[in-house]
Amino acid sequence: MSWLPLSFGAPMVLWGLLALPVIWWLLRLTPPKPQSEIFPPLKILARVLKREETPQQSPWWLTLLRLLMAALIVAALAEPVFNPREKLPAEGAALALVIDNDWASAADWNKRVATAERLIADAGSNGVPVIIAFTAEKANAEIGPFDAAAALDRLRAAKPRPIPTDRPAVYARVAGVLEGLPGASVAVLADGLAAKGDEAAFNTLLSKNAARIVWATADRLSLTGLTAADNQVDGFALTAIRAPGDPAPAQVTAGAFDDKGRRIADATLTFAPGEATATGTMAVPFELRNDFASIALDGERQAGAVRVLDESSKRRRVGLLSQAEADQAQPLLSPLYYIRRALQPFADLVEPSSADLADAIPQILDQKPAMIIMADIGTIPAQVRQRLVDWVDNGGTLVRFAGSRLAAAGNDDDLLPVRLRIGERSLGGALSWTSPQPVTEFPKAGPFADLAPPTEVTVSRQVLAEPTPDIVERTWAALADGTPLVTGLKKGKGTLVLFHVTPEATWSNLPISGSFVEMLRRIVQLSRNQGAAIANAEAAATSLAPYRMIAADGSLVPPTPDARPLVPGAGPLPVTFENPPGLYGSETGVFAHNLLDAATTFEPLARPQVAVPVTTIQYAFDESRNLKGALVAAALVLMLLDTLAVFWMGGLFSRRPRRAGAVATTAAVLIALGTLFGHVDYARADDAKPGDEAAIAAISKTRIAYVLTGVPGVDSISRAGLEGLTRFLIEKTALEPGAPAGVDISKDELSFYPLIYWPIDPAAPMPSQAAIARIDAYMQQGGTVLFDTRDQFANGIGADSTSPATERLRDILGNLNVPPLEPVPSDHVLTKSFFILPEFPGRFAGSPLWVEASLDASNADNRPVRTGDGVSPIMITANDFAGAWAVDENGDPLLPTVPADPMQRIYALRAGVNIMMYMLTGNYKSDQVHVPILLERLGQ
């Protein structure tokens with residue numbers, strides 16, 4: 001009966017429905033006892049008249065009720081299943097379940113788990129052991145065989161990993177276990193992506209006693225990945241890929257995020273019909289591009305759609321300086337020509353408008369470059385020299401090229417990495433005994449350590465460094481005769497670099513070689529305006545600790561316990577279980593290790609062609625529902641109705657002497673049903689509802705409430721402050737409030753509290769619209785909210801420049817029905833409700849307390865006291881009331897007042913007393929000042 005949306009586990013039980021006519025006939029023979037009324041004279045007639053009585057038939061509706069109850073019980077015993085699923089071939093000697101849990105399976109992992117659960121359940125019902133292996137786990141993970149319960153536990157404990165699959169190794173382990181289990185079923189739950197070595201892996205797996213195969217696939221390969229994010233001249237160039245052959249065009253949106261997770265840029269990438277690659281550009285200023293920490297595709301919850309960025313992805317601003325005028329007729333002889341060509345693809349170049357160094361150097365420094373390159377500049381003007389030295393000490397990188405001017409200038413210990421000999425050295429000239437020198441191997445401790453020495457480069461002229469004990473440490477590149485070609489020195493937070501040749505191809509052919517571009521790129525990566533960082537991870541450390549990892553769903557998470565340090569190399573590094581994708585390094589600098597590289601493509605996984613039977617299934621949730629429990633419950637309900645109907649027909653509900661017994665019987669039936677289902681709570685014999693006890697506790701005493709912001713420090717000070725005010729109220733007044741209550745404005749009942757203290761903190765999450773609506777309703781119904789921005793020293797309410805706390809308060813008040821506000825006037829009820837107070841300080845002093853403005857306060861003669869009928873629904877301060885009220889367990893203040901005046905804390909507590917008295921008495925106190933006038937008028 002698989003073609004029906006309903007199936008039965010024991011269909012033979014349905015033959016019991018044939019007994020329904022017999023039940024109907026029995027019910028007609030045994031009707032319920034008729035209702036009888038005792039009449040004394042009839043007892044005499046009953047002894048005289050004897051006649052045969054014939055039972056009456058049951059009412060039709062009671063017969064139908066009982067027949068339906070019997071049919072439900074028979075159907076329940078047949079184990080009905082709604083929307084039944086097809087039985088899977090999980091039989092034979094064992095079930096080998098191999099599951100891809102790599103990054104490509106993260107998007108629909110729950111469907112894959114549901115599919116595997118059905119396979120394990122069928123294997124358990126057949127008594128078949130289960131071998132379960134995951135292709136993205138540790139190499140030594142145990143794979144079984146297990147019983148069905150243990151296999152199910154391992155399945156539910158597994159999770160997708162942000163790494164590729166390792167099918168050859170895992171399939172070989174499973175094949176080794178299957179050698180002793182002939183006739184096993186093999187279920188392959190693949191991610192749909194082809195990988196290297198798949199054909200050999202499947203041959204190994206399916207050649208070891210596989211009798212049948214279950215092949216599970218997704219509906220289609222719908223993955224989209226991000227393979228490249230290059231910081232170019234005009235923006236970030238992005239490249240995305242998808243499975244080939246998709247005839248439909250598609251668009252994906254990429255977002256760029258900073259190191260705090262804020263989205264700061266967007267780009268749209270469009271796939272043409274049938275195309276597997278899409279490109280797009282985030283055209284934003286390079287200053288904003290340098291804040292990019294990661295780029296992710298929207299809607300793709302998998303690690304392949306995320307790329308993390310390191311220092312190599314950030315563009316630097318590089319200033320160029322030269323004392324030679326550009327030769328437009330012969331640009332190849334310009335000192336800056338080859339430097340521009342080498343740096344333009346990965347740096348933003350700036351040049352001064354003036355050739356005078358006294359003006360050019362300040363113009364460059366004003367643009368805050370990360371690096372300055374000087375092409376054959378000799379003496380630095382004295383008026384700008386110190387500013388240039390300070391720039392280097394604060395983190396700038398100064399690169400200088402030799403030439404005739406530098407060779408003739410004197411030594412400058414502050415702006416050169418080494419001391420130079422006066423003049424220059426000529427190699428291979430007519431009067432020279434030496435020949436041009438090639439470049440030797442780059443020193444291992446320098447930034448060019450992983451570059452191959454350029455065999456085609458020779459040097460014919462150079463400036464020589466004075467031989468000093470530390471010349472070897474400062475040499476980054478050298479000639480075959482040992483003389484330095486490039487020297488460098490760390491100075492303060494910055495770096496000094498000197499090329500001992502000119503930047504044009506006159507002294508050397510280095511500027512026209514590919515090595516020149518790579519050397520300048522490495523120096524640019526080392527440049528940094530602020531602090532030191534791991535800009536060249538290959539040379540900075542032998543291994544980098546995990547810092548931030550990309551999870552399988554694409555989110556950035558802390559390192560997992562399985563992650564191990566990464567050893568950078570020259571080429572692309574593999575993504576493994578020990579080295580998942582993410583950032584490696586520390587806060588001072590990181591190295592980006594991404595999942596996909598520029599050569600990655602998505603190829604669909606082809607099903608292997610084998611001779612054994614193959615069953616193809618789709619990943620899907622189990623939508624079948626067992627109806628046995630529902631039918632049994634319905635039968636019990638009908639049984640209860642039948643019992644009540646019998647009681648009613650027997651007259652138990654109409655005769656008063658037996659009413660108690662009927663009620664007791666009904667209660668016994670209800671208790672029996674409650675015992676069966678476990679849903680009856682005998683402790684609630686009354687009409688109590690959940691939450692009533694908390695409500696009674698909240699209104700048994702007057703309690704002051706404070707808003708739970710979710711910031712631990714703010715919430716603890718709020719509670720300590722209200723506890724301190726409560727102590728003061730008990731000590732100075734007849735009011736004895738209960739303990740302060742922290743309330744969640746999104747779900748807690750607010751009407752229990754006359755006053756709610758709300759500390760505004762910009763770090764707290766913005767309340768939802770529903771929560772603000774509840775606050776608005778609370779204020780409209782008579783409650784008062786005391787907003788405290790606690791930023792008096794930042795600015796006051798209504799200032800032109802507002803603090804973050806005030807901005808957050810404005811966002812909240814923008815969604816409330818706030819009445820007109822004014823600072824508390826000198827004759828307001830608040831100034832005299834208990835203490836006489838001219839102002840309302842807190843931990844800070846100076847900010848006014850804002851309340852609802854009085855409607856008619858213009859005529860001071862006829863209205864000597866401002867009453868403000870009722871109570872203001874809102875109060876606002878910036879003086880940090882809770883900070884002044886807060887005390888510890890011993891009653892000592894937790895926070896100092898500003899300024900440190902002991903009386904300020906006393907006045908703050910008195911202000912809290914006046915606010916509470918005003919809340920509880922309204923304009924009562926203001927009416928007292930009219931008593932003399934009323935008595936005087938009565939005397940007249």
Side-chain angles (χ1 to χ4, degrees), residues 230-236 284-292 310-324 326 331 334-355 357 359-377 380 384 387-403 415-417 447-448 476 486 488-491 493-499 501-504 510-511 514-533 535-536:
D230 299 325
N231 198 350
Q232 298 181 350
V233 177
D234 56 347
F236 246 101
V284 295
F286 86 95
E287 293 90 350
L288 188 60
R289 279 180 267 149
N290 282 349
D291 291 334
F292 290 2
D310 55 15
E311 289 294 322
S312 63
S313 301
K314 301 183 186 301
R315 293 180 67 86
R316 271 70 164 186
R317 178 180 281 129
V318 179
L320 303 181
L321 288 172
S322 173
Q323 285 184 295
S334 171
L336 297 176
Y337 176 78
Y338 294 107
I339 296 176
R340 292 192 191 98
R341 295 291 301 271
L343 292 180
Q344 193 169 19
F346 54 87
D348 289 275
L349 306 180
V350 293
E351 299 184 43
S353 59
S354 173
L357 292 179
D359 296 329
I361 292 178
Q363 290 179 12
I364 292 294
L365 293 177
D366 289 341
Q367 300 189 56
K368 296 182 172 26
M371 187 171 80
I372 295 178
I373 298 179
M374 292 183 174
D376 190 19
I377 292 180
I380 307 298
V384 298
R387 185 176 176 186
L388 185 61
V389 171
D390 294 340
W391 173 79
V392 173
D393 291 338
N394 291 329
T397 299
L398 178 62
V399 180
R400 304 186 68 173
F401 281 85
L415 296 176
L416 286 174
F448 313 138
W476 289 5
V486 182
L489 174 66
K490 193 72 175 177
K491 184 177 184 297
K493 297 180 179 179
T495 305
L496 295 173
V497 182
L498 174 63
F499 281 77
V501 294
T502 59
E504 68 273 4
L510 175 65
S515 298
F516 185 69
V517 177
E518 289 300 322
M519 295 168 74
L520 287 181
R521 181 191 293 267
R522 296 301 171 86
I523 298 174
V524 169
Q525 291 178 351
L526 285 173
S527 65
R528 190 176 181 89
N529 277 334
Q530 298 178 352
N536 188 358

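Residue numbers start at 1 and run along the sequence shown.
Using cut-offs of 30° and 60° for the angle between ring planes, the Phe401 and Phe499 rings count as parallel.
Taking the six-membered ring for Trp and the full ring otherwise, Phe292 and Phe236 have centroids separated by under 6.0 Å.
Within the 3.5 Å criterion, the main-chain N or O of Val284 finds a donor-acceptor partner in the side chain of Arg289.
Scanning both residues, Phe516 and Leu510, for their nearest heavy atoms gives CB-O, 3.1 Å. Summarising the geometry of Pro335 relative to Pro503, their closest heavy-atom pair is O-CG, 3.0 Å, with the distance given to 0.1 Å. Across every non-hydrogen atom of Ile364 and Pro352, the tightest pair is CD1-CD, 3.6 Å. Between Arg317 and Lys368, the shortest heavy-atom contact is NH1-O, 4.1 Å. Val384 and Leu357 get closest at one heavy-atom pair: CG2-O, 4.2 Å. Of all heavy-atom pairs spanning Val318 and Ala347, the tightest one is CG2-CB, 3.9 Å.
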Checking side-chain contact (heavy atoms from CB on, under 4.5 Å) for the pair Asp376/Glu504: CA distance, chi angles, key distance, verdict?
CA-CA 10 Å; Asp376 190 19; Glu504 68 273 4; over 6 Å; no
Go through it in stages, so that I can follow the logic: the residues are Arg400 and Val497, the test is side-chain contact (heavy atoms from CB on, under 4.5 Å), and I'd like the CA-CA distance, side-chain angles, deciding distance and then a yes or no.
CA-CA 6 Å; Arg400 304 186 68 173; Val497 182; over 6 Å; no
Val524 and Leu343: side-chain contact (heavy atoms from CB on, under 4.5 Å), yes or no, with the steps?
CA-CA 9 Å; Val524 169; Leu343 292 180; 3.7 Å; yes
Steps toward side-chain contact (heavy atoms from CB on, under 4.5 Å) verdict (Asp393, Lys493):
CA-CA 5 Å; Asp393 291 338; Lys493 297 180 179 179; over 6 Å; no
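A salt bridge is absent between Asp348 and Arg316; no separation between the charged side-chain nitrogens and carboxylate oxygens falls under 4.0 Å.
Between Asn231 and Asn290, the closest side-chain pair of non-hydrogen atoms falls below 4.5 Å. In this structure the side chain of Thr397 never reaches within 4.5 angstrom of the side chain of Leu496, judged on heavy atoms. Contact annotation: the side chain of Val399 approaches that of Ile523 to within less than 4.5 Å [non-hydrogen atoms, C-beta and beyond]. Put simply, the side chain of Leu398 reaches to within 4.5 Å of the side chain of Leu415, judged on heavy atoms.
One distance of note links CG of Leu365 with CZ of Arg387; it measures 5.0 Å at 0.5 Å rounding. Taking OG1 of Thr495 as the reference point, atom NZ of Lys490 lies at 3.5 Å (rounded to 0.5 Å). Note that CG of Leu489 and CG of Leu416 are 10.0 Å apart. Values are rounded to the nearest 0.5 Å. Here the straight-line distance linking atom CE of Met374 with atom CG of Leu321 works out to 5.5 Å at 0.5 Å rounding. If you take OG on Ser322 and CD1 on Ile373, they are separated by 11.5 Å, rounding to the nearest 0.5 Å.
The local environment of CZ in Arg341 is sparse, with at most 12 non-hydrogen atoms from other residues, nucleotides or ligands closer than 6.0 Å.
Counted by atom type alone, Gln363 and Ser354 present zero donor-acceptor pairs between their side chains at under 3.5 Å.
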